[in-house]
Structures are given as structure tokens and as C-alpha cells.
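Below is one structure, written out as C-alpha cells, with a few remarks after it.
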Amino acid sequence: MKRVLCMVVSILVIIGIISGCSSVTTSTTTAPTLPVATSASATTTATSAPVPTTTSPVSTTTTTATIAEKDKYGGIWKMAQGVAPSSPIGYVPESANDSMSAASPCLESMFRVQKDGKIVPRLATSWDIDAKAATMTFHLREGVKFSDGSDFNAQNVKWCWDLEVAAKRTPNINSIDVVDNYTVRVNFKTFQNTDVTGFDGGYYGIFSKASFDKNGIEYTRTHPVGTGPFLLKEYVRDSKLTYIRNPNYWNPGVPYLDGFEVNIIKEETVRKMAFEMGDITMLNATAVITPDLLKKNYVYSSDAGGTYGLVPDSANADSPFANIKVRQAISYAIDRQAIAAGIGANLLTPAYQIYPTNSICAQPEGSYLKTEYNVAKAKQLLAEAGYAGGFKTSIHTFVQAVNRDYVTAIAKMLGDAGIQCEADFPEAGKYQEYRVKGWNNSLLAHGFMNLTSNPNAIATWYLPQSNITFPSVKRPANFYDLLNASLASPTVDPVKVQAAYKTLADDFTFICYAEDRANVFYAKGAHDEGGKLFSLSFFIPELAWLEPAARK
Amino acid sequence: MQTFIIRRLLQILLVLLVVTMLVFLMVRLLPGDPILMYMSAQNMEIMSQEQIDVIRHEVGIDRNMAVQYVDWLGKALRGDLGKSIINRSDVADEIVRRLPISMYLAGIAFIISILVGLPLGVISAVRRGTWLDTVLTSIGNLGITMPIFWLGILLIYLFGMKLNWLPIFGYTSPFTDFAMSTRQAILPIFCLAVPPIASAIRMTRSSMLEVMRQDYIRTAWSKGLTERSVIIRHALKNGLIPVITMKGMSLAGIVGGSVIIETVFSIPGMGRLAVEGLFSQDYPVVQGVMLIVGTVVLSANLLVDLSYSWLDPRIRYS
């Protein structure tokens with residue numbers, strides 16, 4: 001009997017292996033198809049541009065879109081990312097940024113800001129800004145339903161945003177009023193243009209109150225019930241998110257895809273191999289793997305990324321970095337060209353400011369001290385600062401945010417200038433402690449995001465007036481006065497932004513050395529229209545489509 | 001026998017208590033702060049110190065450490081392992097969802113390591129000094145020294161990217177899609193099984209060589225018994241005792257290996273949960289995972305102890 005049982009089990013396993021090995025395709029779920037629309041959208045009219053940013057995307061896309069509109073529909077888009085959503089994805093007041101990205105195909109915000117500054121309405125059809133009264137009034141889209149069948153209206157919007165206010169995540173909002181069934185007014189404490197552009201983001205994503213009342217908070221945490229173009233079909237934490245098309249989406253022209261998947265693959269090497277095997281449609285690549293993929297002629301798109309820089313503890317009076325000459329010496333001692341060309345494989349470009357060169361915050365050439373590599377000058381400045389014999393210091397960084405090799409190279413370069421520098425790679429917890437509680441006689445190596453929707457946000461993000469992050473950094477004189485003046489403009493004023501940011505550049509508050517790019521590779525026949533219009537860093541699934549041959 | 005089992009169960013409880021205390025203390029000794037990690041995930045630039053203090057109080061880590069431990073232990077005994085600080089999910093639910101995945105992979109790897117490692121170890125011992133012995137010993141040495149992270153990447157490259165035979169990431173339940181599940185499980189199970197196979201080959205070989213020098217084996221040969229009978233009926237059973245002890249301990253190694261393999265192959269098991277919990281300093285997650293893993297490993301060791309009496313009837317438990 002045992003032998004028979006063993007044989008049966010063995011045969012079943014062998015059959016399973018053989019049948020499994022006979023095909024490499026994966027099973028996909030097909031969602032109900034939408035009626036074919038002849039135009040992408042009849043309702044997404046671009047309005048005024050409060051943020052005049054400019055970007056210069058690079059693309060090697062060779063496919064010419066001769067596909068008829070009706071043939072764009074269908075297929076499953078597959079992505080991979082290294083980090084899983086860290087927090088609840090359906091209950092917005094508890095969602096972190098990475099979780100909001102996971103929820104955004106389901107939970108919509110009021111509008112989206114394009115790369116060129118144009119605003120594309122989503123749940124709001126229009127809005128009125130009254131800077132004097134510090135209010136913003138949204139006129140909401142009528143006839144929209146949540147995916148649970150309940151109605152979208154002003155009461156639901158107020159309920160969602162009240163929860164955000166109660167969670168103290170939107171400290172500048174005083175109150176929210178329902179003007180009528182489809183009009184809602186936000187009353188700010190003081191007017192800041194970052195609050196206006198903030199309504200494009202996940203913090204103001206709208207989820208169904210009816211679903212929350214019916215299913216409770218536990219359910220809502222993992223089930224984003226919104227009005228968006230996709231429904232979250234399955235969420236396996238740390239493994240995979242599977243979305244399918246929302247058949248009742250209010251905009252009948254989109255989405256094109258039947259669905260899309262986000263696979264959580266921690267190792268970049270494995271993500272790269274998965275892409276090369278054809279298991280992944282789209283791959284966000286770092287500068288480490290990009291050169292190899294470029295050699296293989298995949299469809300490639302690139303866009304301005306953030307910057308990498310050192311953050312000295314300039315606020316500590318007993319630190320050498322309190323002296324601006326030492327900060328300048330550090331900047332002169334870094335061979336930016338060598339980092340960009342060598343370790344960065346020419347995908348990085350030298351950076352001298354915290355903001356990318358295409359940002360409206362960027363100081364014009366000649367208006368700031370550009371510290372080209374000069375060891376002799378670095379030594380001279382150190383001597384003038386009283387450190388002719390150099391000093392000992394460390395650079396702390398979190399290797400998942402900044403490449404270990406950049407920091408090791410910089411430590412060596414500082415050594416050449418007479419500063420004995422140790423490269424320190426703490427785990428996330430310790431690094432976060434440095435960032436929030438401060439650090440002494442050392443530098444943090446940090447990666448700065450490119451917050452294109454409103455450049456003022458970079459300052460409020462990294463140097464908040466509450467001093468809750470980077471407390472060891474001295475805020476330059478007049479910085480907050482100039483920043484507040486810039487924030488108070490109804491629309492972002494490049495002159496005011498640059499004035500605020502010039503104080504950081506002049507004071508060497510951040511010593512930036514490299515500008516990164518967002519590098520994205522696509523499978524043949526995959527079209528990421530959202531990446532072209534908005535940002536390569538944030539996938540807009542309803543604007544993506546697959547050529548028929550690419551739908552496997 | 002009953003007395004022995006009861007005594008061992010009490011020992012297990014004591015060991016678990018010590019393990020939970022050590023884990024409780026050690027995660028708190030790590031540099032960093034879970035609230036700062038939570039802040040990092042949230043919109044930290046707008047938080048004030050008062051808000052941080054409120055969160056710390058809500059999570060309950062502003063209390064005396066002894067009070068925190070007793071509170072956690074009391075709830076754990078009732079099946080409540082608390083909530084994740086970072087993502088607010090119920091730790092017990094998360095473990096219930098992930099434990100079968102890890103058990104499935106680790107269990108098969110463990111069984112394969114016995115089915116493959118033991119016979120190869122016996123063959124190596126019986127054919128001592130031959131080319132076969134040299135090959136098997138080399139395989140054993142290689143398997144023990146090879147880092148499984150590197151092995152995983154190598155196998156992904158060969159069987160996934162180059163040959164396109166097997167999927168390189170993800171997990172599917174065998175009850176959902178048996179064929180896909182099997183294909184996805186082959187590479188991770190192979191990686192998990194290699195070190196215990198290697199150690200089983202080495203341990204079985206040395207143990208068998210020791211036994212085969214004993215007088216009763218010589219007697220068996222002199223009685224004219226067949227090689228098969230001498231090896232399997234007389235030598236193997238006695239030679240297995242140290243091997244079984246080692247296999248019991250190797251289970252802990254497989255559990256440790258699953259932490260790496262689940263990360264490489266993107267498998268949502270206990271190992272991945274432990275890694276994510278540890279990196280984000282999510283105390284309840286780490287404590288819950290270690291409690292369950294500790295229970296599983298200690299229970300397996302109890303079974304190993306009980307198997308001794310079957311292997312060697314001279315062993316009596318009192």
C-alpha cells in the first residue's frame with residue numbers, strides 16, 4: 001500500500017513538473033472589455049499652469065504608433081518594484097507615499113499636474129483659488145460612482161479630508177465646507193501654493209465612505225474602494241498587486257489595459273533578468289544596471305531625476321562644518337566628473353545644486369559659486385578655516401538610497417584633500433535616527449527627490465520649519481522669509497523660488513555632486529503615454545497600452 | 001515515555017520564554033527607533049514632537065520594558081500577537097497566511113535533503129576511496145561552502161534567463177495552480193535543500209564509516225550476509241542516530257536559509273516577513289515571527305529525540 005501511494009505521489013509530482021515546464025506563459029485574468037472610444041478623453045481638458053517646469057526626456061522609442069485606437073485595448077501590463085507598500089493602501093489617512101502609489105489606480109485625486117505644468121482635471125472639473133481668503137473651492141465631477149456603487153459627492157470628499165486633518169497630516173488646512181452636493185471648499189490657515197498642487201497627490205485620494213461604513217477599517221486598509229480606472233483584484237503583501245480594469249469608470253475612453261500587475265522583487269538583478277526574460281513589461285532601472293540594458297537595444301526612456309548630495313552638520317557650533325570655508329573645501333575636493341563618468345557610467349551628470357538643472361529653482365550659471373574639482377583650493381580653504389592639518393570625519397548613508405560606491409569614492413577624495421573620512425553604512429533605523437535626531441562632526445550622504453509638481457516642496461520637505469528633519473543643518477538667514485514669500489504666491493513664481501533657493505546655494509547647506517536620471521526600459525510594443533506626459537517615476541496605468549503582439 | 005514528553009514540553013516552554021525575552025530585548029537594542037521608521041514611511045516633515053509622542057503612546061512603546069513584555073506575552077498566550085507598527089496589519093493573521101508557504105518550501109527541502117543526502121552518504125562510505133566517493137565528498141564540500149544567495153542568482157540566470165525553463169520569482173499555492181506552483185517552487189526548494197543535502201552526505205558518510213568498523217558488522221559479514229543486508233539492516237540504522245540529530249538541527253538552518261531565499265525569489269513567506277519586520281524595526285512582527293519559528297524548530301527537535309528510541313531500542317526514556 002505504501003509503495004503504491006509513493007508511486008502515485010511521485011507520478012503526480014513528475015506530471016506537474018513536466019506539464020509546468022512545457023510552457024513559459026503565465027495565466028492572466030481578462031477583465032470585461034470597455035466599449036471602444038474614438039478619443040482618449042472628452043473630459044480631461046487642460047487648465048492653467050501654476051508650475052512652469054521644464055524637462056527634457058530622452059527616449060529611444062523606435063515604434064511608431066500606427067495602431068488604430070480600437071486596437072489599443074487589451075492586455076496585462078507587468079511591472080516590478082523593489083519595495084512593497086509599507087503601510088495600509090486603502091485607508092488614506094494611514095498611507096505612506098509608497099502605499100499611495102499602490103492605491104492611486106483606484107483612488108483618484110482632484111487633478112494631475114503634467115510635466116509642462118498643465119493641470120489635468122480628475123475628480124474636480126474646475127476650482128477657484130482665493131489667496132487672500134486662503135481658500136480653494138473645488139467643483140466636483142457629477143455622475144461619478146465609487147466601485148462599490150455608491151455616489152461620489154462633496155459629503156464624501158469632506159469626510160475623507162476631515163480624516164486627513166484629524167490625522168494631522170495636513171496641518172495647514174483649517175476646515176472643509178460642503179457648499180453644495182458637488183462643491184467643496186477648503187479653508188487654509190495661511191495660503192501656500194504647495195497646498196494647491198498637493199491636491200494632485202495621494203494624500204487627497206478619495207475613498208468610499210459607504211464601503212468604509214459597511215466593511216470597517218480593517219477591510220479598508222487593504223481594499224482601496226475609489227472611483228479610479230482600476231480595481232485592486234488581489235493584494236499579496238510583499239509579493240504582488242493585481243489590478244483589473246474598472247468597467248464602470250467615469251471616463252469611457254480609458255483605461256486601455258485589461259489590467260496590470262506589480263510584482264515585488266527586492267533584488268534588482270532578479271528584476272533585470274525578469275525583464276530580459278519577458279516577464280516584465282516595464283523596468284525602472286538604476287544607473288547600476290542601465291548601461292548593460294542600453295547595449296541590448298530595449299526601448300528606453302529617460303527623464304530628469306533627483307540629485308545626490310552631502311549634508312554637513314552646519315548647525316553644530318563645535319563641528320568643522322559650521323565654517324562655510326570647510327563646506328566649500330568639501331565641495332572643491334569632490335571630483336564630480338569622475339563620479340558621473342566612472343561610477344555613474346555617464347548616466348549621472350555633475351550637480352552643484354540640490355535641484356536638477358532643468359528645475360525652475362536652479363540658479364543660473366554664474367550666479368552662484370561653482371566649485372569645480374580643485375584639491376589645492378580645497379586645502380587652501382581648509383587652512384584658512386584653521387584646519388591646515390585636516391580633521392577626522394565620517395559620511396553616513398543608507399545604501400538603499402545612495403550607491404555605496406559614490407560614498408566610498410568621495411571619502412577617498414576627501415582624504416586626498418587632507419580630511420580623514422570614514423564611509424559608514426548604517427541600517428535604515430540608524431540612518432533615520434541621524435536624519436531625525438541629528439548627527440555630529442560628520443556628513444549624511446542623501447538622495448534628494450525631484451519634486452516637479454511644485455519645487456517649493458523640496459524646501460518644505462527637507463528643511464521644514466518644525467526642524468523635525470535634518471536638525472543638524474543650519475538654515476541660512478532669510479531662508480524662511482524668502483520661502484514663505486514664494487509659498488504665498490497664488491501660482492509658483494520662479495523669481496521668488498530662485499531667491500529662496502539661492503540662500504541654500506550660497507551657504508553650501510547641501511553639497512550636491514551628482515544628478516540622477518529616471519531610466520525606464522519597456523518591452524517591445526509597450527507604450528507608456530503617462531510617462532511622457534507626467535513623470536517616468538509614477539506610472540499612470542490608464543494611459544498605458546500594449547500593441548496586440550505585446551499582449552502575451 | 002509520557003513523562004519524558006511532558007518534561008521535554010516543559011523544557012520547550014522554558015526555552016521559548018527565554019527566546020522571546022532575548023528577542024524582545026535584542027530588537028530594542030538595535031540602533032534606530034520604530035517610530036522614526038514609521039515617520040519615514042509617513043509624511044514626516046509635518047509632524048511635531050507632540051504627534052510623535054502620541055504615536056509612541058498609541059503603539060505602547062513608551063512604557064517600561066518589563067510592562068511591555070508582560071503585556072505582549074499575556075496577549076500572545078491568548079493568540080494575539082499584536083499589530084504591526086508600520087502597516088497596522090494583525091501579526092497573527094499575517095503569520096497564519098505566510099507560515100504554510102514557508103512550511104511547504106522548507107518541508108519539501110527537508111524531505112529531499114533526507115531522500116538524497118542519506119543514500120549518497122551511504123554510497124560514499126561504502127565506496128570509500130573510489131572516484132565515486134571523491135565526487136560525492138566534493139559535492140558535499142561544495143554544497144556546504146556555497147552561499148545560497150549566490151546559488152539562487154546563479155540558478156535564476158541559468159534556468160530562468162538562459163534556458164527559460166522555470167519562472168524566477170513569485171509563489172502560487174499548489175491548490176490554485178499545481179503546475180505553476182511546482183515550477184515556481186523548484187529553484188527555491190533546490191537552493192534550500194543544497195546545504196542540508198551536503199551536510200547529510202558528509203555526516204552519513206562519517207557515521208557509516210564509524211559503524212562499519214564495529215565488531216557486529218564484521219560478524220554480519222562473516223555470517224555471509226549480502227552487502228545490502230549488512231549495510232541497510234545492520235549498519236544504517238545505528239549510523240543514523242547522529243545523522244538524525246544533525247537533521248533536527250539542520251531544520252533551523254533551512255528556516256534561516258528561507259529568509260534569504262524568500263527574498264531572492266520574491267516569496268511571501270515567514271522569512272520575508274522577518275526581514276521586512278527587522279529592517280523596519282517592527283517589534284511586534286519580529287517577536288511574533290520568532291515565537292512561531294522557535295516553536296516549530298523546538299517541536300521538530302522533540303520529534304527527533306523521540307525517533308531515537310525507534311532507531312536504537314536500547315534507548316529508553318524515563
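All values reported here derive from a predicted model rather than from experimental measurement. Reminder, nothing fancy here: chain letters follow the sequence lines and each chain counts from 1.
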- Are any of the side-chain heavy atoms of A:Ile264 and B:Ser266 separated by less than 4.5 Å? no

Output for pair (B:Asp90 CG, A:Glu218 CD), nearest 0.5 Å, gives 7.0 Å

In this structure, CG of B:Asp33 is separated from NZ of A:Lys437 (nearest 0.5 Å) by 5.0 Å

Honestly, the part of B:Phe265 sitting under 4.5 Å from a heavy atom of chain A is neither

Exercise. Could you check if a side-chain atom of A:Glu267 sits within less than 4.5 angstrom of a side-chain atom of B:Ile156, using non-hydrogen atoms only?
Key: no

Bottom line for B:Phe149: the part with an atom under 4.5 Å from chain A's heavy atoms is side chain

Okay, B:Glu94 and chain A: the region with an atom under 4.5 Å from a heavy atom over there is side chain

So CE of A:Met277 and CG of B:Leu163: to nearest 0.5 Å the spacing works out to 10.0 Å

Cut-off 4.5 Å, heavy atoms of chain B, and the answer for A:Asp238 is both

(Q) Is it true that, when you exclude B:Met103 itself, more than 12 heavy atoms of the residues, nucleotides or ligands shown sit nearer than 6.0 Å to its CE? (A) no

When rounded to the nearest 0.5 Å, the distance separating OG of A:Ser86 from CG of B:Asn87 is 7.5 Å

Sorted by chain and residue number, the side chain to side chain contact (heavy atoms under 4.5 Å, CB included) partners of A:Lys430 (sequence neighbours excluded) come out as A:Pro426, A:Glu433, A:Tyr434, B:Pro31

- In plain terms, say whether A:Lys266 and B:Glu276 are close enough for a salt bridge, that is, a side-chain N and a carboxylate O under 4.0 Å apart. yes

Greatest number of non-hydrogen atom pairs under 4.5 angstrom with chain A, of B:Gln184, B:Arg98, B:Gln281, B:Arg97, falls to B:Arg98

Distance col, row A:Met273:CE vs B:Tyr157:OH, nearest 0.5 angstrom, shows 8.5 Å

*For B:Lys162, does the NZ atom have more than 12 heavy-atom neighbours from other residues, nucleotides or ligands under 6.0 Å away?*
no

Bottom line for B:Phe169: the part with an atom under 4.5 Å from chain A's heavy atoms is side chain

Interface check, chain B: of A:Arg221, A:Lys240, A:Arg237, most non-hydrogen pairs under 4.5 Å belong to A:Arg237

Closest heavy-atom pair, A:Val270 versus B:Ile168, reported as atoms and distance to 0.1 Å, is O-CD1, 3.8 Å

So CD1 of A:Ile265 and OG1 of B:Thr263: to nearest 0.5 Å the spacing works out to 12.5 Å

Review point. Quick check: are there more than 12 heavy atoms from other residues, nucleotides or ligands sitting under 6.0 Å from NZ of B:Lys237?
Key: yes

Inset, instruction - Flag yes if more than 12 heavy atoms outside B:Arg233 fall under 6.0 Å of its CZ atom; otherwise flag no. - result: no

